[in-house]
Enquirer: 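Below: one structure in structure tokens.
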Amino acid sequence: MPELPEVETTVRGLARYLEGERIARVAVNRPDLRRPFPPGLVQELTGARVTAMGRRAKYGLIHTDRDRTMVFHLGMSGRWRIEPERIEKHDHLVIETGSGHVLALNDARRFGSVDLVDTGGLEQWGPFATMGPEPLGEALTPRHLQRTFAGRFAPVKPLLLDQRIVAGLGNIYVCEALHRARIRPDREAGRIAPAALARLVPAIRAVLAESIAAGGSTIRDYAQPSGELGYFASSWQVYGREGDPCACGGTVARFAQGGRSTFWCPKCQK
DNA sequence: CCCTCGCCCTGCTGGC
DNA sequence: TGCCAGCAGGGCGAGG
């Protein structure tokens, strides 16, 4: 499922087809994902030129020369299809560029979203207004985690999924980062030692950066006619590996936290 | 404010 | 082979 590295990889891949390009045509096949598409989406995008691409947390940003930014979220099953051979069932939005490239936003489970936001007011836009620091940015420090975790009794894992604390972490990479930092996912956040938080920040950065690097190589394979953008295989240490051996000699376990699966190793995560 | 829980959606998997 | 329950989960709102 698309998490931050997949969104980053998708944005970089799309940039090659969109940056500097005029949007010649926009087709909407089904006008709602999680929410209805914004009114006037087709009209506002058609004829606009893409000035730059970006990402905030798990949202992709397509900036245009009309001071409007198309903001997309891939939800659980969203992906951009590059030069699809034919339009398929879940290709909800299709963009054709001035030089004839076709890009289709496909989302079977429709947990994704598409919005149009004034570029100047992006940081104040609803979902962005209360977001915490980017996990790959300089604002995410052990000190930031120490301050936001102070006095909190909730387990650390669901807190790391809270976008107000760190923006862009999902279930997979939280499991992986906690494993790498050797922290129990059910540890009370306010009681984690500073030394462990000092391990957690670089662990978060490393799992994300490694996945982006892996996706970067996959994109070259995918960015071909009928190719797909947004997924790549990763070698996770704990996620989806219940019962598998951990490198420490333990066995990967699984339990539910806040209604979703947490994978971890009881032997090396303390 | 803090924390937990349930809902949204649909394709896929596993059990019978 | 066919059917169906269960699972995946980010974001958001409700409720304690």
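To find a chain, count down the sequence lines: A is the first, B the second, and so on, and within it residues start at 1.
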Enquirer: Do P142(A) and L200(A) have side chains that get closer than 4.5 Å, going by heavy atoms?
Expert: no
Enquirer: What pair of heavy atoms forms the shortest contact from D107(A) to S77(A), and how long is it?
Expert: OD1-OG, 2.5 Å
Enquirer: Of the options dT4(B), dG11(C), dA8(C), whose atoms approach the side-chain atoms of A154(A) most closely?
Expert: dT4(B)
Enquirer: Any idea which of dA8(C), dC9(B), dG11(C) is nearest the S261(A) side chain?
Expert: dA8(C)
Enquirer: To the nearest angstrom, how far is W125(A) atom CH2 from dC12(C) atom C1'?
Expert: 13 Å
Enquirer: Can you measure R56(A) atom CZ to dG10(C) atom C1' for me and round it to whole angstrom units?
Expert: 16 Å
Enquirer: Using OP1 and OP2 only, check whether a side-chain N or O of H90(A) sits under 4.0 Å from dC9(B).
Expert: no
Enquirer: Between dG10(C) and Q163(A), is there an OP1 or OP2 to side-chain N/O distance shorter than 4.0 Å?
Expert: no
Enquirer: Looking at dG11(B), dA8(C), dG11(C), which one has an atom nearest to any side-chain atom of M76(A)?
Expert: dA8(C)
Enquirer: If you only use heavy atoms from C-beta on, which nucleotide in dG10(C), dC3(B), dG11(B) is closest to the side chain of L159(A)?
Expert: dC3(B)
Enquirer: Under 4.0 Å, counting only non-hydrogen atoms across every strand here, what does R260(A) touch: a base, just sugar-phosphate, or nothing?
Expert: base
Enquirer: Taking the ring of Y17(A) and the ring of W80(A), is the distance between their centroids below 6.0 Å?
Expert: no
Enquirer: Does any non-hydrogen side-chain atom of L122(A) lie less than 4.5 Å from one of V71(A)?
Expert: yes
Enquirer: Provide the Watson-Crick or G-U wobble partner of dG13(C), both distances under 3.5 Å; none if there is no partner.
Expert: dC5(B)
Enquirer: For the side chain of Y59(A), counting heavy atoms from C-beta on, which of dA8(C), dC12(C), dG10(C) is nearest?
Expert: dC12(C)
Enquirer: Which nucleotide, dG10(C), dC3(B), dG11(C), lies nearest any side-chain atom of F153(A)?
Expert: dC3(B)
Enquirer: For the side chain of R152(A), starting at C-beta, report the closest nucleotide among dG10(C), dC2(B), dT10(B).
Expert: dC2(B)
Enquirer: Nearest to the side chain of R254(A) - dG10(C), dA8(C), dG11(B)?
Expert: dA8(C)
Enquirer: At less than 3.5 Å, do the side-chain atoms of R109(A) and the base atoms of dA8(C) form a donor-acceptor pair?
Expert: yes
